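The block underneath contains the structure these notes are about, expressed in structure tokens.
As the structure is a prediction and not an experimental result, all values here were calculated from the model.
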Amino acid sequence: MKVYKFGGASVKDANGVKNLVHVLNTVGYKDTLVVISAMGKTTNALEDVIKNYFQKDPAFQSSIQEVKKYHNSILLDLFEDDSHEIFEKVDGLFNELKGFFDRNKSPDYNYVYDQTISYGELLSTTIVSAYLNQVGLANTWLDVREMIKTDNYYRRANVDWELTGNLIREKVNPNVLNITQGFLGSDPNNFTTTLGREGSDYTAAIIAYCLNGESVTIWKDVPGVLNADPRYFENAQQLNKISYTEAIELAFYGASVIHPKTLQPLQGKEIPLLVRSFLKPTDPGTTVGRGIGLEPEVPCFIVKKNQILISLSSLDFSYIVEENISEIFRHLSTYKMKVDVIQNSAISFSVCVDDIYNNIDQLLQHLKAKFKVSCTKDVALYTIRHYSDAAIKQMESDKEVLLKQLTQQTVQMVTK
């Protein structure tokens, strides 16, 4: 079975949905499961809804209405008959969302986030499935929350692989076209969970792993995996082939084309990952597989914005030893900091983190009890894989370098 994943950019409007049909008709959809993200910027719009809800902002109701208006405009472009049952289904989903807010008693932001944000994927797949049926591509709509089971670590849930595998094999008919959501799962109490931002790629990999899939194809608005994000770097080049190991390294350092968790299950069963353009579906794109190296061999540039650099030293000029480092990492774990780079000397320790959960102030308060602490916010972390002297020089140009670290294959620098 083949697994295709279409992101939000591919279904951002009616033309995008129609193009998805074109892609399926061009490359084939026999024995295929399609994973679809929320349409366009719906996830961001729903995050505004959540913010307004917690802030008791008068714009709360209108922000929901904006999301509904956006989806209704796509419906009107796709379905000529406004009495089509899809309009009632979409209304029903928005009524469910409003009902959740009316009933909710939980003050837990992360719980509310997952229950709310999931409606983006539920809406997109409901609309796309109905349109595919209308144009003759018969399909089965599946609720991924009934297949991917997780713990209750909201916003970054961990998969129960054994239970998930059994449910996927039970519910997916490999002989038909299946449509399901990316990004979502559910916990033991059947509350919705999410797998982390960009988790739809991971969803595709989970399903392929559990079904011993033939391949996973991620359809994007770029021709394949590039050696740099063209939004931040000029003259980005396409990588034709990448090994699993190299792709995992790139993902770990923050390459945005492939989700960090996506590659491990695929590597375990040597399932090829293809990254191709939904704008040019006949082009070969990039293949990620076992032992196929990096082609062409060029430096790969990665940047992560909005990072925080924390520098620590002991209050009495004593060494920063294992006991201190253990305590530092305990606090980093407690406050759910994503650590991107560390550097230490005899009496100092620096760490660049991504404050996903907005816990930096609490973390600093605890660290200051034992260490001298300085904190620089809004820094950028640049990584170059397979660097050259020229690449490093290019990266350092016109930047204030706060931290720099080189290994045999990789250079990282934190800049202001």
Side-chain angles (χ1 to χ4, degrees), residues 156 196 227-229 232-233 245-256 260-261 294 299-416:
R156 201 166 65 188
N227 75 322
D229 188 329
Y232 304 115
F233 302 95
T245 302
E246 183 62 36
I248 288 171
E249 291 281 358
L250 292 173
F252 173 79
Y253 289 116
S256 60
K261 291 183 179 179
L294 181 67
C300 297
F301 300 87
I302 302 160
V303 62
K304 298 181 77 172
K305 303 280 190 176
N306 303 314
Q307 304 291 290
I308 300 172
L309 180 64
I310 305 170
S311 298
L312 310 172
S313 58
S314 54
L315 295 172
D316 58 0
F317 293 97
S318 60
Y319 291 142
I320 300 286
V321 294
E322 290 84 354
E323 180 182 350
N324 307 118
I325 294 172
S326 175
E327 181 175 2
I328 293 167
F329 271 93
R330 180 169 57 82
H331 288 309
L332 291 169
S333 175
T334 297
Y335 292 104
K336 299 180 181 179
M337 295 291 163
K338 185 180 184 305
V339 175
D340 290 314
V341 65
I342 61 172
Q343 189 175 88
N344 67 288
S345 67
I347 59 172
S348 67
F349 183 94
S350 296
V351 57
C352 187
V353 300
D354 193 352
D355 182 21
I356 299 171
Y357 292 90
N358 298 315
N359 290 331
I360 187 65
D361 292 336
Q362 298 97 307
L363 171 66
L364 294 176
Q365 183 178 356
H366 275 86
L367 291 174
K368 286 177 180 177
K370 191 163 184 179
F371 302 97
K372 181 180 178 181
V373 179
S374 67
C375 174
T376 307
K377 297 183 179 181
D378 197 26
V379 298
L381 172 61
Y382 288 89
T383 302
I384 313 174
R385 287 280 293 169
H386 311 290
Y387 60 86
S388 63
D389 290 342
I392 294 175
K393 186 176 180 180
Q394 174 190 342
M395 188 73 77
E396 291 179 336
S397 177
D398 301 322
K399 297 181 182 70
E400 179 186 354
V401 179
L402 305 178
L403 180 152
K404 182 176 177 180
Q405 193 170 90
L406 286 86
T407 64
Q408 186 175 2
Q409 295 287 343
T410 307
V411 59
Q412 291 188 283
M413 59 186 78
V414 178
T415 70
K416 184 70 173 172

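- Scanning for side-chain contact (heavy atoms from CB on, under 4.5 Å) contacts around S374 gives S311, with sequence neighbours left out.
- For residues 359-380, every residue pair satisfying the ring pair (Phe, Tyr, Trp, His ring centres under 6.0 Å) rule, not counting sequence neighbours, is listed here: H331-H366, Y335-H366.
- Nearest approach of C300 to L294, heavy atoms of both residues: SG-CD2, 4.4 Å.
- Heavy-atom minimum distance, S348 versus S345: OG-OG, 2.5 Å.
- Scanning for side chain to side chain donor-acceptor pair (under 3.5 Å) contacts around D398 gives an empty result, with sequence neighbours left out.
- M337 CE to D355 CG: the interatomic distance, rounded to the nearest 0.5 Å, is 3.5 Å.
- The minimum heavy-atom distance between L309 and L402, with the atom names listed, is CD2-CB, 3.8 Å.
- In this structure, E327 contributes its side chain and I325 its backbone to no donor-acceptor pair below 3.5 Å.
- Taking every heavy atom of both residues into account, I302 and A255 meet most closely at CG2-N, 3.7 Å.
- The number of heavy atoms from other shown groups lying within 6.0 Å of NZ (K372) does not exceed 12.
- When atom types are taken as modelled, the side chain of T334 and the backbone of R330 share a donor-acceptor pair closer than 3.5 angstrom.
- When the ring-ring contact (aromatic ring centres under 6.0 Å, His included) test is applied to Y357, no partner is found at least two apart in sequence or on another chain.
- The closest side-chain heavy-atom distance from M395 to F233 is below 4.5 Å.
- Within the structure, salt bridge (Lys or Arg N to Asp or Glu O under 4.0 Å) pairs that include any residue of residues 315-325 do not occur (at least two apart or interchain).
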With a 3.5 Å cut-off and sequence neighbours excluded, list the donor-acceptor pairs that the side chains of residues 405-413 form with protein atoms.
from, atom 1, to, atom 2, distance (Å)
Q405, NE2, I342, O, 2.7
T407, OG1, T410, N, 3.3
T407, OG1, T410, O, 3.2
Q409, OE1, H386, ND1, 2.8
T410, OG1, R385, NH1, 2.9
Q412, NE2, T383, OG1, 3.1

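- Smallest separation of non-hydrogen atoms from C352 and L381: SG-CB, 4.4 Å.
- To the nearest 0.5 angstrom, L403 atom CG is 5.5 Å from S350 atom OG.
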